[in-house]
K.L.:
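Submitted below is the structure of interest, expressed as C-alpha cells.
Just follow the structure's listing: the first ligand is 1, and inside any ligand the first atom is 1. On a predicted model such as this, the values are computed, not experimentally measured, just so you know.
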Amino acid sequence: MTVPQVLTIAGSDCDGSAGAQADLLTFFHQQTYGLSIMTSCVAGNSVGIQDSTDLPHDFIVNEFESIFSDFHVAGAKTGMLSSPDVIEVTRYYLERYQVKNFVLDPVIMTKHGAQLIGDKAVSAIIRKLIPISLCITPNFYEAQVLSGMTIKSEQDYYSAALTIQSEGAKNVLIKGSHDDVDDKGQITDYLLSEDGQLKQYKKALRPTTHINGTGDTLSACIVAEIAKGSPVATAVQTAEDYLLNAVTWDLNIGSKFGPINHWGINIS
Ligand SMILES: Nc1ncnc2c1ncn2[C@@H]1O[C@H](COP(=O)(O)OP(=O)(O)O)[C@@H](O)[C@H]1O
Ligand SMILES: Cc1ncc(COP(=O)(O)OP(=O)(O)O)c(N)n1
C-alpha cells in the first residue's frame with residue numbers, strides 16, 4: 001500500500017490545536033502520510049501563548065536532510081516561519097528537490113490583525129517563497145500586507161489577488177474577512193486561479209469559539225488533496241467543506257478558544 005507523503009514545515013503548538021499538530025491531524029484524516037519539520041516550539045493553550053522558542057538553525061537543516069534523503073515528498077506546506085534564515089533554507093530544499101506542489105500559508109498576521117513575525121521575515125516570504133508557490137492562502141490581513149493594498153470591496157479582493165499573483169504565486173486563495181458577512185450569514189473566500197478565473201467559496205459563519213487551527217487546517221487539507229492528484233480548485237472545495245464541519249461540531253476541549261473538530265466532516 002502506498003499513500004502520498006506530505007510535508008509540513010512549521011512550528012509546534014503544544015496544545016495540539018494549530019501549527020504542525022493541526023497539519024498532521026489533517027494529513028492523516030485525508031489519507032496521506034504526514035512528515036514534519038519543526039522550526040519553533042510554542043507553549044500555549046486555549047487561553048493564549050505563554051512562551052515560544054526557535055529551534056537552532058543547524059538542527060532545522062538536519063531535519064531537511066533527514067526528510068529529503070529518504071522520502072518522496074509529493075507536496076509540502078509551510079506554517080509559521082519566523083526568520084529570514086529559515087525561509088531561505090526552506091526555499092533551498094523545496095527548489096533542490098523540485099517540490100512543485102507547494103502550498104504557502106503565509107503566517108504573518110492573526111485573524112484579528114496582530115503581526116506575528118518581523119518585517120524582514122515578511123519580505124523574505126515575498127522574495128523567496130511566493131515565487132515557488134503553487135498556491136498561497138493569506139487571510140484578509142495578510143492579503144493586505146502582501147499586496148500593499150487596503151481591501152474594502154469584492155473588487156479589492158480581486159485586485160489584491162492579482163498583485164500577489166504578479167509576485168509569483170500561481171494560485172491565490174484569500175480568506176475573506178469574518179466581518180464581511182452577507183445577508184445569508186455567509187463569509188467568502190476568493191480563489192484567483194492560474195488561468196485568471198476568480199471563484200468564490202461561500203459558507204456560513206459559525207458562532208463558535210473553537211477556532212484554533214483553522215488557517216493551518218485549510219492549507220494542510222489543500223496540499224494533501226493536491227498531492228493525491230486533485231486540481232487546485234477542487235482541493236480548495238474539499239478544504240472548505242472540511243473547515244465548515246470542523247467549526248460546526250464543537251469539541252469540549254480548552255476553556256477559551258479551543259481547537260476545531262477534525263472529525264466534524266464525519267458527523268455531517
Ligand atoms: N467561525 C467560522 N465559521 C465558518 N468558517 C470559518 C470560521 N472561522 C474560520 N473559518 C474558515 O476557516 C478558514 C481559515 O480562515 P481564517 O480563520 O480567516 O484563517 P487564519 O486562521 O489564517 O486567520 C477560512 O475558510 C474561514 O472561512
Ligand atoms: C505554532 C503555530 N501556532 C499557531 C499558528 C496559527 O495557526 P493558524 O491556523 O494560522 O491560525 P488560527 O486559526 O489558529 O488563528 C501557527 N501557524 N503555528
K.L.:
So which protein heavy atom does atom 14 (O) of ligand 2 come closest to, and at what separation?
P.N.:
G213 N, 2.7 Å
K.L.:
Using distance alone, decide if ligand 2 has a nitrogen or oxygen within less than 3.5 Å of any nitrogen or oxygen in G11.
P.N.:
no
K.L.:
For D241 and T238, test the side chains for any donor-to-acceptor distance below 3.5 angstrom and give the result as yes or no.
P.N.:
no
K.L.:
Do R91 side-chain atoms and K128 backbone N/O form a donor-acceptor pair below 3.5 Å?
P.N.:
yes
K.L.:
Run K202 and T188 through side-chain hydrogen bond (donor to acceptor under 3.5 Å, both in side chains) and show every step you take.
P.N.:
CA-CA 4 Å; K202 290 186 179 289; T188 309; 3.0 Å; yes
K.L.:
Check ligand 1 for close polar pairs with the protein: N or O on both sides, less than 3.5 Å.
P.N.:
unit_1: ligand 1; atom_1: 1 (N); unit_2: R206; atom_2: O; d: 2.9
unit_1: ligand 1; atom_1: 3 (N); unit_2: R206; atom_2: N; d: 2.9
unit_1: ligand 1; atom_1: 17 (O); unit_2: T214; atom_2: OG1; d: 2.8
unit_1: ligand 1; atom_1: 18 (O); unit_2: H178; atom_2: NE2; d: 2.8
unit_1: ligand 1; atom_1: 21 (O); unit_2: K111; atom_2: NZ; d: 3.3
unit_1: ligand 1; atom_1: 21 (O); unit_2: T214; atom_2: OG1; d: 3.2
unit_1: ligand 1; atom_1: 21 (O); unit_2: G215; atom_2: N; d: 3.1
unit_1: ligand 1; atom_1: 22 (O); unit_2: K175; atom_2: NZ; d: 2.7
unit_1: ligand 1; atom_1: 23 (O); unit_2: N139; atom_2: ND2; d: 2.9
unit_1: ligand 1; atom_1: 25 (O); unit_2: D189; atom_2: OD2; d: 2.6
unit_1: ligand 1; atom_1: 25 (O); unit_2: K203; atom_2: NZ; d: 2.7
unit_1: ligand 1; atom_1: 27 (O); unit_2: K203; atom_2: NZ; d: 2.5

K.L.:
Assess the side chains of D15 and S17: does a donor N or O sit below 3.5 Å from an acceptor N or O?
P.N.:
yes
K.L.:
Within the 4.0 Å heavy-atom shell around V107, which atoms of ligand 2 are there?
P.N.:
17 (N)
K.L.:
With a heavy-atom distance limit of 4.0 Å, tell me whether D216 approaches ligand 2 through its side chain, its backbone, both, or neither.
P.N.:
both
K.L.:
Considering heavy atoms of the protein only, find what lies nearest to atom 3 (N) of ligand 2 and give residue, atom and distance to 0.1 Å.
P.N.:
D13 OD2, 3.0 Å
K.L.:
For I211, which part has a heavy atom under 4.0 Å from ligand 2: side chain, backbone, both, or neither?
P.N.:
backbone
K.L.:
Quick one: does D105 get an N or O within less than 3.5 Å of an N or O on ligand 2?
P.N.:
no
K.L.:
Is any N or O atom of K111, backbone or side chain, closer than 3.5 Å to an N or O atom of ligand 2?
P.N.:
yes
K.L.:
Report the C-alpha separation of D189 and Y157 in whole Å, then their side-chain angles, then the decisive distance to 0.1 Å, and conclude whether the side-chain hydrogen bond (donor to acceptor under 3.5 Å, both in side chains) test is met.
P.N.:
CA-CA 9 Å; D189 290 348; Y157 277 102; over 6 Å; no
K.L.:
For residues A121 and S82, report the shortest heavy-atom separation together with the two atoms involved.
P.N.:
CB-O, 3.6 Å
K.L.:
Considering only the protein, which heavy-atom contact is closest to atom 2 (C) of ligand 2, and what is its distance?
P.N.:
G19 CA, 3.7 Å
K.L.:
Does Y201 have K199 sitting over its ring (NZ/CZ under 6.0 Å from centre, angle to axis within 45°)?
P.N.:
yes
K.L.:
Does a side-chain heavy-atom distance below 4.5 Å link V61 with H57?
P.N.:
yes
K.L.:
Just verifying a value: how many Å separate H72 NE2 and L35 CG, rounded to the nearest 0.5 Å?
P.N.:
11.0 Å
K.L.:
Counting heavy atoms not belonging to Q197, are there more than 12 under 6.0 Å from its CD?
P.N.:
no
K.L.:
Enumerate the atoms of ligand 2 whose separation from the nearest heavy atom of N212 is less than 4.0 angstrom.
P.N.:
14 (O)
K.L.:
CG of L192 to CD1 of I164: how many Å apart, nearest 0.5 Å?
P.N.:
9.5 Å
